[in-house]
Amino acid sequence: MPVVWLLAAAAVIEAAMGVALIVVPSTVAVLLLGDGLTGTGLTVARVTGVALLALAVSSWMGRQDQGRSSPLAGMLTYNVLAAIYLAYLGMEGAQVGKLLWPTVVLHAALGLLFVHAWFSFQPGSPRKF
């Protein structure tokens, strides 16, 4: 998958999640973690939604950048760490919602694609991946 498409797809996915966290944060929490949010948890979830929207905008705007770009580094870091942390929560077993494991798989797959794109880049050559 070309990096431009990978960054565009990740931007769309994270924008959708960002909007969902802003609009229905407790529903997202139930689907991912099996429990709703109240009080300050709602505020933190909405701020997280704003951060995901910012990440999505950065990735969308920088999808045409060549090489090891900031959007590529940001999405690589985010997806790898999100997959690790969410998998840890799932293996712990205390916080498991219906969409936790599909989300782990999605972040792991995107993380692997971003890692591949990062290490496949060779300065001076046309961007193939």
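For the single chain, residues carry numbers from 1 onward in sequence order. Only heavy atoms go into these numbers, but all of them, side chains included; no hydrogens, no water, no symmetry mates. This is a predicted model, so every value here is computed, not measured.
Between F114 and L7 there is a side-chain heavy-atom pair separated by less than 4.5 Å. Side-chain atoms of N79 and E14, non-hydrogen and from C-beta on, do get closer than 4.5 Å to each other. You'll find the side chain of W5 stays beyond 4.5 Å of the side chain of R63, heavy atoms only. The closest side-chain heavy-atom distance from V96 to W101 is below 4.5 Å.
There is no path of hydrophobic side-chain contacts, each under 4.5 Å, that joins L37 to M17. Taken together through direct or relayed side-chain contacts under 4.5 Å among Ile, Leu, Val, Met, Phe, Trp and Tyr, L100 and L21 form part of one hydrophobic cluster. In the hydrophobic clustering of ILVMFWY residues, with side-chain heavy atoms under 4.5 Å counting as a link, V30 and L89 come out apart.
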Side-chain donor-acceptor distances from residues 40-56 under 3.5 Å, at least two apart:
residue	atom	partner	partner atom	Å
R46	NE	I22	O	2.8
T48	OG1	V44	O	2.8

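Considering only residues two or more places apart in sequence or on other chains, I13 meets the side chain to side chain contact (heavy atoms under 4.5 Å, CB included) condition with L106, L110.
Put simply, the side chain of S26 never gets that close to the backbone of G36: no donor and acceptor are under 3.5 Å apart.
Contact between P71 and S59 at its shortest, heavy atoms only, is CB-CA, 3.8 Å. In terms of heavy atoms, L72 sits closest to A117 at CD1-CB, 4.2 Å.
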